[in-house]
Every structure is written in C-alpha cells, then in structure tokens.
Amino acid sequence: MSAQTLYDKLWNSHVVQQDADGTALIYIDRQLVHEVTSPQAFEGLKLAHRKPWRTASMLATPDHNVPTTNRSGGISDPISRLQVETLDANCAEFGVTEFGMNDIRQGIVHVIGPEQGATLPGMTVVCGDSHTSTHGAFAALAHGIGTSEVEHVMATQCLVAKKSKAMLVKVEGALHKGVTAKDVALAVVGKIGTAGGTGYAIEFGGSAIRGLSMEGRMTLCNMAIEAGARAGMIAADETTFTYIKGRPFAPQGENWDKAVTYWKTLHSDEGAAFDAVVELDAASIRPQVTWGTSPEMVTSVDGRVPDPASAPDAVKRGDWERALHYMGLQANTPITEIKIDKVFIGSCTNGRIEDMRAAAAVAKGKKVAVNVKLAMVVPGSGLVKAQAEKEGLDKIFIEAGFEWRDPGCSMCLAMNDDRLEPGERCAATSNRNFEGRQGQGGRTHLVSPEMAAAAAIAGHFVDVSKL
Amino acid sequence: MRKFTLLDGLVVPLDRANVDTDAIIPKQFLKSIKRSGFGPNAFDEWRYLDHGEPGMDNSKRPLNPDFVLNQPRYQGAQVLLARENFGCGSSREHAPWALEDYGFRVIIAPSFADIFFNNCFKNGLLPIKLDADKVDALFKAVEANNGYKLKVDLEQQTIALPDGTTYKFDVDAHRKHCLLNGLDDIGLTLQHVDDIKAFEAKHRAAQPWLFA
C-alpha cells in the first residue's frame, strides 16, 4: 500500500459507504453535546419518532450559558436557564451521560472530553461546536458540525461527508522561552490567513510540535478552525499515551495494550503526500498579539499596529480600516503601548491546568495594574479548578487581584453574564476577536495565558519573553 | 427542508470580507431552543443602533440607516452578494437559519467557510462560489443599477445576469439532489442501515475499547 497521511488512515478506517462522487458515510465514534446546538436536534429526533443510535457514544455537559459565580444560586437569565434545563431533560429522556452544572466533572466540552479519556486516538469525534478540532491533538479526526448534523449523527451514528484535502503545517526547531502553543497557532493563522485552511484537514508536525505537551497540542488543534480548517490533528506518540492512561473512559488491561499497539500506527507514513505544506521556523516565532477583528490580524508583541495604506489590496485595506476604527487603534502604534481594561484567562483554547500554571507563574507575588477593571481566571472544568486549588494557584491569582471563577465558556463568547462593555479592551486567551464576540462593542486582543497575565500586571501588553 | 429550484431575486451587496457567524447572528440569540424566528436578528449589531436582546420587539428598534440591508432599494432582497470567507467562525446553524428566515435563498461569494457552507444546504439555502473577479463585477453592477436581480437555476447550475451574460457554477451532486428535492439527509442515510450495522460490528471487533 502507498504511504498514507494520518488523515488518510483516520478517514479510511471510518468509511461505511461511498458514492461515485466521493460523498461518503463516515462512522462517528464520539459525539460531544452542549446546550446551545443540541435542543433543536433532540426536538427533531422526537418529531420524527427516532432515538439516538448509540447513546454510549454521547457525552453531554452545559458550558456556554453557565454562570461563573454564585452557581449555587442557579442561572438568573430565564432564557439561559431554559436552555440548560432542556439539555438536562433531553439527556435524562434519552439516557445520555451528562455532567450537569453542579457536577465537579462539568466544564467546557473540549476540556472534559480529553480529561475523561473520552477522546481517544483513532476516533472520529464530532460536536455542534467549531472548536471540536481540539480533539485532533489525540490523532483523532475531529470537527465541528451544525445542528442538522448533530441530529443526523444522533439518528444514524454517521456523518455525510466528502474527504478534504490534506495540509501539513510543519514547525521545526525549539520555541523560545515565553513562546507557547498559542503563539504558534496565531503565527500559523497570521501566515496562511483565516481562509488558508478552508477545504483542508491540517496535520501539525515537526520537532516543535512533538515537543508540545497534550495541553499545548490541544491549544494548537483548537485554533485550526481559525485558519479555516475544520480539522486539525497531530500524530499519536508516548506523550499522548501517557496523558490518556488511567482516565475514566480510557481502555484498561488487555484492551489498553491492544489499543496502544493500534495507536502507534496513527501517524503519517514516511513519504506520504500532502496537497499543501506550510513550514514555520519555531525559533523565529515571537509572542503574538492580535490587533484587529479577525485572528489573522496578528503581529508579534514587538510589532506595531499596521497601516491600512500598506494593505496588499483594496478589500484588505477596507477591512483593516474598519478593524482599526472598531478597535479604537491608530496605525503604527507599538503593541506594547496598548492599554487594557479587562483580562480573560480561560476558554477551550487555554483553560487547562498547564495554562493556569503558566499564568499563575507570571502573576505570582505581583498585583493587577490599577487601570485594569477586571482580571478573571476561568478554569476549563471543575477538575481543572480542583487541581489548580490543590496546587495553590487560586491563592496566587486572588492575592494578585484576579477573580477566580467557576468553569465554563464564560467571556470567550459572552453568552452568560461575563462580558465586555462597549469600548472596553481585553487581553484574552480565547480564540476569536470578532466584532462583538466578547460583548457588543468590546475590543479583544488574543494572546497566550502568560501574555494575558503579564498584561494584567502591567496594564498594557508586555513581552513575556523579556520578563 | 424547503426545495430550491429556480429564483429570480433582488441582490443586496454586503461589501466586506470574513463576515463571521457571530456577526450574522450574535450569541445572545443562540439561547433560543427553536430553529425559527432568527430573521429579525440577522446581522443584529450592524442592523440596529441599540443593543438587541431576545424577546425585544424588533419593529420598534432604531435601524442603522448606513447598513446596506436597511436601504430602501434593497428591501425584499433574496440574493446576498458577499466577499471572501463568508460565514467563518462558529459552527452555529443559527446563522443559515437567520439568513433563510430573513428571506435569503442564495448567497454568492468568492469563498465560504466549510461548516457554514455545509449548513446552508441543510436549510434550503444555496451558497454559490464564483471567481473573485466575477463577484467584483457583480458588486459594481448591483451598485450601479437599482432593482438589480439575478436568475439562479440550480438544475442548470447557472446564474443569468440582466445583461444576458450567464455564469456556470459548481455544486456537489449529492447536495444538489437534496436541495432540488427538499430531501432530509437522515431518511437517505437510513436507507444504508444494514451497511452501518455491518460496519459497526467490524469496528467493534477491531477496537472493542470504543464500545466499552
């Protein structure tokens, strides 16, 4: 057999049936479910008198709407509350495992799947959420789907799909101190653009990627969608197996050995052909900060806000002008002179224990700057929160003036009460800086957890690699 | 799903690239557990001058006169003309639900984000990719001519311009079939129920830990 990419292997091992035009039925091993994109799917099932094909493949949790303070008081917004209660009722009716709002295992779906060992190498994973690409860090084929497809997978255990093209993003060399997986992700999006990966499944490879922890790999795959690729993935290796072993949903005993034997084959073969290859030199990547309203509008911390006059074409020039107007920024302003009002550390991109540790290391013994109105740390799950508290990270944050919150999506998309007010500027470890994303009129700058913590202390962006 | 066959529709130009699904339907409207009624909140932050929340009477809200959808000449538009990477960002199907509920049946752009593109076909909306220079020419034509309409024929895969020019467009055979006939994907897939069961049995034998 000719050399195969990791994507070929994952795709081929899940094709149930394929038409002449390439439209295929792909078997789905794991479906993660949250409250926002599932109610209409469950309703569709009920209207058609259908039942989920295999409820054991499903794992549900509320994350987008949940409050991050005073959780014992319930959800005050009646519309949010109804959505979460609808998830609870649907899971109870169909027998779907759900970690409810007050379960310590509750959290952001993309944090809890891997944390529970519910995401495994070789799986197909879907969720009605674009950041499902996160799970590709485990050599899984994982991507976001719409609600009609959520219903389709519930009813048939399959997805109708056509194979994408394959792109290899290769990052060789060693990352400098203060440069993280988040910076690699933003540098990739900056290089290929938010549509650069459209139509592709991206595999991240190279020595810098192999050197990343599972948390770092998840951060990187999480943001594959910001480069337009529905799926991001990384070959399985010892780092992967060590992370999974012993987790509640992970295989055990004889199955573990058998699984690892199979998982060791989940990498691109020597000489496998990709439709596109993009190379980055790890050593040249600096801490990144976005300046605009699209993740591709990014530069390094020692850069400046660009001048629309230097945009490559008229459409881009218009976009840059609109972005600078919305962001309240002048062309050529040094990034380190941009002052911030709020800080958000968390999300499915950077809400894991390693992110908490990295931010705490920067904040330790310091104080949040007086011009920063709110600096909040939102762990990605109840278990991340518990682990951080065991390590005393909560105390470090609280002593420095950060708020230590309960787990959820929070101010990444501001569906709960955590949001920016019009004109407020935020250093955020989340994934999108779209207009209004963190609150109408809010201004988002995407950065790593270290950079966000450092910005909270200084009151403006600073180069963490020089601290 | 509503069928799509032919459309002779008024065109509205939305002249910006990378229009994301947060802009198409802001997050506060995603709290609904229904799949209808999103039209009045399509492009909410651009369309109204105040802050929108679910449950408001949208007919009483102040409109942003500068936003293209609010201009009198584009009222009743069914074709949305857009730029690169339309529909990027979140997978929320509320975005095509909002566009369809507003009255759009066709979106024309040089490129679309994958998940959004796929979601359109599930909701009777036809997204059409056209070369950037053709899209650019359409933007100029729409702006220069009041009441500019396009005839879209899915069966023939053509767009007819008022000046007699016809553009061909590509559409995946399976999606075309479903859209022309208003077919539900689930029903089609369940015709393969034996294939799915056979695959599942084989898969379970090879990787039993996936079924533990």
Side-chain angles (χ1 to χ4, degrees), chain A residues 16-17 19 21 23 25 27 29 36-37 39-40 43 48 50 56 64-65 77 79-80 82-83 86 120 122-123 128-130 144-149 151-152 155-158 160 162 194-195 198-199 228 230 251 255 258-259 262 294 315-316 318-319 322 413-415 432 434-437 440, chain B residues 15-18 20-23 26-28 30-35 45-46 51-52 54-55 83-85 88-94 96-97 111-116 118-119 122-123 172-175 184-186 188-190 192-193 195-196 198-200 203 206-212:
Chain A
V16 172
Q17 184 269 340
D19 290 345
D21 78 338
T23 303
L25 275 184
Y27 188 85
D29 295 311
V36 180
T37 56
Q40 298 88 350
E43 189 190 24
R50 290 175 175 135
H64 286 59
N65 278 281
D77 175 357
I79 312 176
S80 287
L82 175 63
Q83 200 167 50
T86 302
L120 296 172
M123 272 186 167
D129 192 287
S130 60
I145 56 177
T147 296
S148 295
E149 292 178 315
E151 183 185 342
H152 189 279
T156 69
Q157 209 60 38
C158 292
V160 178
K162 257 187 163 173
T194 50
T198 303
R230 283 220 286 181
N255 265 347
K258 211 173 152 187
Y262 172 58
S294 164
V315 173
K316 278 247 175 337
D319 287 345
R322 244 191 318 267
L413 87 167
M415 268 188 84
R432 290 187 177 136
F434 299 156
E435 285 187 23
R437 172 81 179 179
Q440 189 171 18
Chain B
D15 195 1
R16 51 169 93 191
N18 299 313
D20 58 76
T21 54
D22 276 77
K27 83 291 257 112
Q28 61 270 35
L30 272 51
K31 296 176 185 180
S32 168
I33 57 171
K34 305 276 175 229
R35 51 163 86 214
E45 290 185 7
W46 295 342
H51 173 72
R83 296 287 187 184
E84 289 83 3
N85 201 26
C88 60
S90 148
S91 64
R92 60 188 71 168
E93 198 162 317
H94 312 66
W97 293 339
S111 60
F112 293 87
D114 287 339
I115 303 177
F116 174 82
N118 196 35
N119 284 341
K122 316 284 183 193
N123 293 285
D172 177 276
H174 174 79
R175 287 166 165 157
D184 161 20
D185 256 350
I186 296 178
L188 288 178
T189 298
L190 288 174
H192 296 288
V193 68
D195 292 329
I196 303 170
F199 178 90
E200 195 169 53
H203 200 50
Q207 297 180 60
W209 56 88
L210 296 177
F211 296 81

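Numbered from 1 within each chain, the chains take letters A, B, ... in sequence-line order. Since this is a predicted model, take the numbers as computed values, not measurements. All values below were derived from every heavy atom in this structure, side-chain atoms included, with hydrogens, water molecules and symmetry-related copies excluded.
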Sort [X] into side chain, backbone, both or neither according to what part of it lies under 4.5 angstrom from a heavy atom of chain A.
X	value
B:Asp195	both
B:Asn118	side chain
B:Gln207	side chain
B:Ala212	neither
B:His174	both
B:Ala206	backbone
B:Phe112	backbone
B:Asn18	side chain
B:Ala23	neither
B:His203	side chain

Need one label for [X]: side chain, backbone, both or neither, based on atoms under 4.5 Å from any heavy atom in chain B.
X	value
A:Ala259	both
A:Glu435	both
A:Thr156	both
A:Arg437	both
A:Thr23	side chain
A:Lys316	neither
A:Gln40	both
A:Ala414	both

Can you tell me which of [options] forms the most heavy-atom pairs within a distance under 4.5 Å of chain B?
options	answer
A:Glu43, A:Arg230, A:Gln83	A:Gln83
A:Val16, A:Val315, A:Val160	A:Val16
A:Ser80, A:Ser294, A:Gly228	A:Ser80
A:Asp129, A:Asp19, A:Leu120, A:Leu82	A:Asp129
A:Asp319, A:Ile79, A:Asn65	A:Asp319
A:Arg50, A:Glu151, A:Met123	A:Arg50

Working to the nearest 0.5 angstrom, can you tell me the gap between [X] [atom1] and [Y] [atom2]?
X	Y	atom1	atom2	answer
A:Ser130	B:Phe116	OG	CZ	14.0 Å
A:Arg432	A:Leu413	CZ	CG	9.0 Å
B:Glu200	B:Phe211	CD	CZ	5.0 Å
B:Asp20	A:Phe434	CG	CZ	4.0 Å
B:Thr189	A:His152	OG1	NE2	2.5 Å
B:Ile196	A:Leu25	CD1	CG	6.0 Å

Which one, [options], leads in non-hydrogen pairs under 4.5 Å with chain A?
options	value
B:Glu84, B:Lys27, B:His94	B:Lys27
B:Cys88, B:Gly89, B:Pro26	B:Gly89
B:Ile115, B:Leu188, B:Leu190	B:Ile115
B:Asp172, B:Asp184, B:Leu210	B:Asp172

Quiz item: Looking only at heavy atoms, what is the nearest atom pair of A:Gly436 and B:Glu45, with distance?
Solution: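 Result for this residue pair: CA-OE1, 3.5 Å.
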Exercise. Could you pull out the closest heavy-atom pair between B:Asp15 and A:Arg322, with the gap in Å?
Key: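 Distance-wise, the nearest heavy atoms are O-NH2, 3.7 Å.
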Quiz item: Given A:Thr37 and B:Glu93, is the side-chain hydrogen bond (donor to acceptor under 3.5 Å, both in side chains) satisfied, shown in steps?
Solution: CA-CA 8 Å; A:Thr37 56; B:Glu93 198 162 317; over 6 Å; no
Quiz item: Distance-only, no hydrogens or angles: does the B:Thr21 side chain make a donor-acceptor pair with backbone N or O of B:Ser90 under 3.5 Å?
Solution: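 It does hold such a pair.
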Quiz item: Is the closest side-chain heavy-atom distance between B:Pro208 and A:Asn255 below 4.5 Å?
Solution: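 A side-chain contact exists here, since the closest heavy-atom pair is under 4.5 Å.
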Quiz item: Is the shortest heavy-atom distance from the side chain of B:Gln28 to the side chain of B:Pro54 under 4.5 Å?
Solution: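 SC-SC contact between B:Gln28 and B:Pro54 confirmed.
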Exercise. Give the intermediate values and the outcome of side-chain hydrogen bond (donor to acceptor under 3.5 Å, both in side chains) for residues A:Gln157 and A:Tyr27.
Key: CA-CA 6 Å; A:Gln157 209 60 38; A:Tyr27 188 85; 4.6 Å; no
Quiz item: salt bridge (charged side-chain N to carboxylate O under 4.0 Å, His left out) between B:Lys31 and A:Asp77: does it pass, once the steps are laid out?
Solution: CA-CA 10 Å; B:Lys31 296 176 185 180; A:Asp77 175 357; 2.7 Å; yes
Self-check item: CA sep, side-chain torsions, deciding dist, call: B:Asn119, A:Glu149, side-chain contact (heavy atoms from CB on, under 4.5 Å)
Solution: CA-CA 8 Å; B:Asn119 284 341; A:Glu149 292 178 315; 4.2 Å; yes
Self-check item: Lys NZ or Arg CZ of B:Arg16 over B:Trp46 ring: under 6.0 Å, within 45°
Solution: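 Judged by the rule, B:Arg16 and B:Trp46 form a cation-pi pair.
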